Protein chains: 2
Amino acid sequence: MLTIGTLAKKTGTKVQTIRYYEQIGLLPEPGRSAGGQRRYGDSELDRLSFVRHARQLGFSLDAIRELLDLSDHPDKSCAEADAIARRQLKQVEQRMARLEALRTELQRMVHECSGGHTADCRVLEVLRDHSECLTDHDEIGA
Amino acid sequence: MLTIGTLAKKTGTKVQTIRYYEQIGLLPEPGRSAGGQRRYGDSELDRLSFVRHARQLGFSLDAIRELLDLSDHPDKSCAEADAIARRQLKQVEQRMARLEALRTELQRMVHECSGGHTADCRVLEVLRDHSECLTDHDEIGA
DNA sequence: TCTTGAACCTACAGTAGCTAGAGGGTGTAA
DNA sequence: TTACACCCTCTAGCTACTGTAGGTTCAAGA
């Protein structure tokens with residue numbers, strides 16, 4: 001039986017995060033010691049590892065909830081899990097494309113800056129005048 | 001003189017967001033009509049455009065605050081603005097590298113999925129077993 | 001001049017995914 | 001038994017907004 005601190009160390013999670021996952025129903029309520037402290041077994045360790053790995057791959061907690069549910073029902077079709085992963089992949093690709101455009105413009109700003117006074121700063125100038133912008137950014141957020 | 005709604009349309013910002021920027025001190029308090037409604041001039045339009053453009057490039061509101069301050073002092077050295085932009089560029093490059101790794105693993109998951117039952121789903125299997133993971137992910141978040 | 005309806009106002013709550021702190025209780029080894 | 005690391009709950013905070021409730025103002029048309 002593991003304490004919450006041990007589970008945290010084993011999974012690279014903060015203690016508060018584990019309690020948070022329990023609170024939002026991502027992890028089941030664990031058993032408790034006589035004094036009321038949480039005690040975990042291997043199944044909880046596996047479940048939390050699953051969650052952390054999925055988080056590291058950028059899945060949202062909602063998506064992870066779906067994936068966990070699928071994982072709990074081995075007879076269900078795999079198609080749904082596949083769809084979630086594809087959706088995630090698409091999001092990652094979109095974000096990459098967006099960052100690519102940002103990188104280009106930031107590089108331009110930085111390379112053109114000659115290092116004088118802010119009055120002539122290319123960085124500020126580019127920010128001031130959107131029309132100089134080579135790329136279109138409809139959406140905000142990386 | 002522009003109403004807040006017109007300013008919002010011209011800059012592609014939501015009305016609430018403009019009020020929020022004012023609240024956190026990113027935009028100055030504007031003049032008001034006799035009835036108490038906000039009225040904006042060209043300087044506010046420029047300032048908000050600057051903010052939006054910087055946001056679109058992924059700068060944080062804190063970074064934008066610094067950039068605005070520099071922009072307000074044309075005699076200051078450009079070096080600081082340059083440093084902020086370089087920091088941002090670095091962040092973008094780091095995020096891209098991270099997304100690249102995620103994309104690789106997601107592609108692997110998706111390509112290996114044969115479409116049967118979740119019991120044999122590669123997607124879930126990969127998530128379950130971190131040791132199969134080709135990449136290291138210390139940090140969470142794109 | 002009056003009315004209508006869109007646009008405005010403030011204040012507060014909610015979003016994701018945690019993280020930190022206060023103030024107190026538990027578990028274990030010396 | 002005492003020390004001390006660890007655990008508990010509860011609440012608030014973070015970023016950058018977004019939405020809602022309940023009420024007021026403005027400008028155009030009758």
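Keep in mind the model is a prediction, meaning the values are calculated, not measured. Chain A is the first sequence line, chain B the second, and so forth, proteins listed ahead of strands; every chain is numbered from 1.
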_Without decimals, in angstroms, what is the distance between B/M1 CE and C/dC8 P?_
16 Å
_Side-chain ion pair, A/E125 and A/R128, N-O less than 4.0 Å_ = no
*B/R52 side chain N/O closer than 4.0 Å to the phosphate oxygens (OP1, OP2) of D/dA16?*
no
_side-chain N/O A/Y20 vs C/dA16 OP1/OP2, d < 4.0 Å_ = no
*Roughly how many Å is it from CD1 in A/I24 to P in C/dC18, rounded to a whole number?*
8 Å
*For B/D62 and for B/R39, locate the closest nucleotide of DNA chain D by heavy-atom distance; then report the residue assigned to the nucleotide nearer the 5' terminus.*
B/D62
*Where the side chain of B/V15 is defined as all heavy atoms beyond and including C-beta, which of C/dC8, C/dA20, D/dC8 is the nearest nucleotide?*
C/dC8
*Does a side chain donor of either A/Q88 or A/R86 reach within less than 3.5 Å of an acceptor in the other side chain?*
no
*To 10°, what angle do the rotation axes through the five end pairs on each side of the helix from C/dT1-D/dA30 to C/dA30-D/dT1 form?*
20°
*asked:* Side chain of A/I4 only, heavy atoms from C-beta on: which candidate in D/dT18, D/dA16, D/dC7 is closest?
replied: D/dC7
_Nucleotide of D/dC17, C/dC9, C/dG25 approaching B/Y21 most closely (side-chain heavy atoms)_ = D/dC17
_Atom pair CG/OG1 of A/L48 and A/T17 - distance to nearest 0.5 Å_ = 9.5 Å
*Is atom CD of A/E80 surrounded by more than 12 heavy atoms (other residues, nucleotides or ligands) closer than 6.0 Å?*
no
_Taking atom CG as the centre, does A/D42 end up with more than 12 heavy-atom neighbours from other residues, nucleotides or ligands that are less than 6.0 angstrom away?_
no
*Mind calculating the distance between CD1 (A/I64) and P (C/dC18) to the nearest angstrom?*
8 Å
*Does B/T3 make a side-chain N or O approach to OP1 or OP2 of C/dC8 shorter than 4.0 Å?*
yes
_Pair B/R38 + B/E22, salt bridge at N-O below 4.0 Å_ = yes
*Interatomic distance where CD belongs to B/Q56 and C1' belongs to D/dA16 [whole Å]*: 14 Å
*Is the shortest side-chain N/O distance from A/T17 to OP1 or OP2 of C/dT19 below 4.0 Å?*
yes
*May I ask you to verify if any side-chain N or O of A/K14 is less than 4.0 angstrom from the OP1 or OP2 atom of C/dA20?*
yes
*Minimum-distance nucleotide to B/R19 side chain [options: D/dT25, D/dC17, C/dT10]*: C/dT10
*Atom CD of A/Q23 to atom C1' of C/dA20: distance rounded to whole Å?*
14 Å
*In whole Å, what is the span from the CG atom of A/L7 to the C1' atom of D/dC6?*
15 Å
_Rounded distance in Å - CG (A/L26) to C1' (C/dG17)_ = 11 Å
*Out of C/dC8, D/dT18, C/dC18, which nucleotide sits closest to the side chain of B/Q16?*
D/dT18
*Could you tell me the separation between the CD atom of A/Q37 and the C1' atom of D/dT9, rounded to a whole number of Å?*
13 Å
*Name the closest nucleotide to the A/R55 side chain, picking from C/dC18, C/dG27, D/dC8.*
C/dC18
*Ignoring the backbone of B/S33, work out which of D/dT25, C/dG27, D/dC7 is nearest its side chain.*
D/dT25
_Test applied, side-chain contact (heavy atoms from CB on, under 4.5 Å); reference residue, B/L27; option that passes from B/Y21, B/Y20, B/Y40_ = B/Y21
*Do B/R122 and A/D82 sit within salt-bridge range, that is, some charged N less than 4.0 Å from a carboxylate O?*
no
*asked:* Less than 4.0 angstrom between a side-chain N/O of A/R38 and OP1 or OP2 of D/dC8, yes or no?
replied: yes
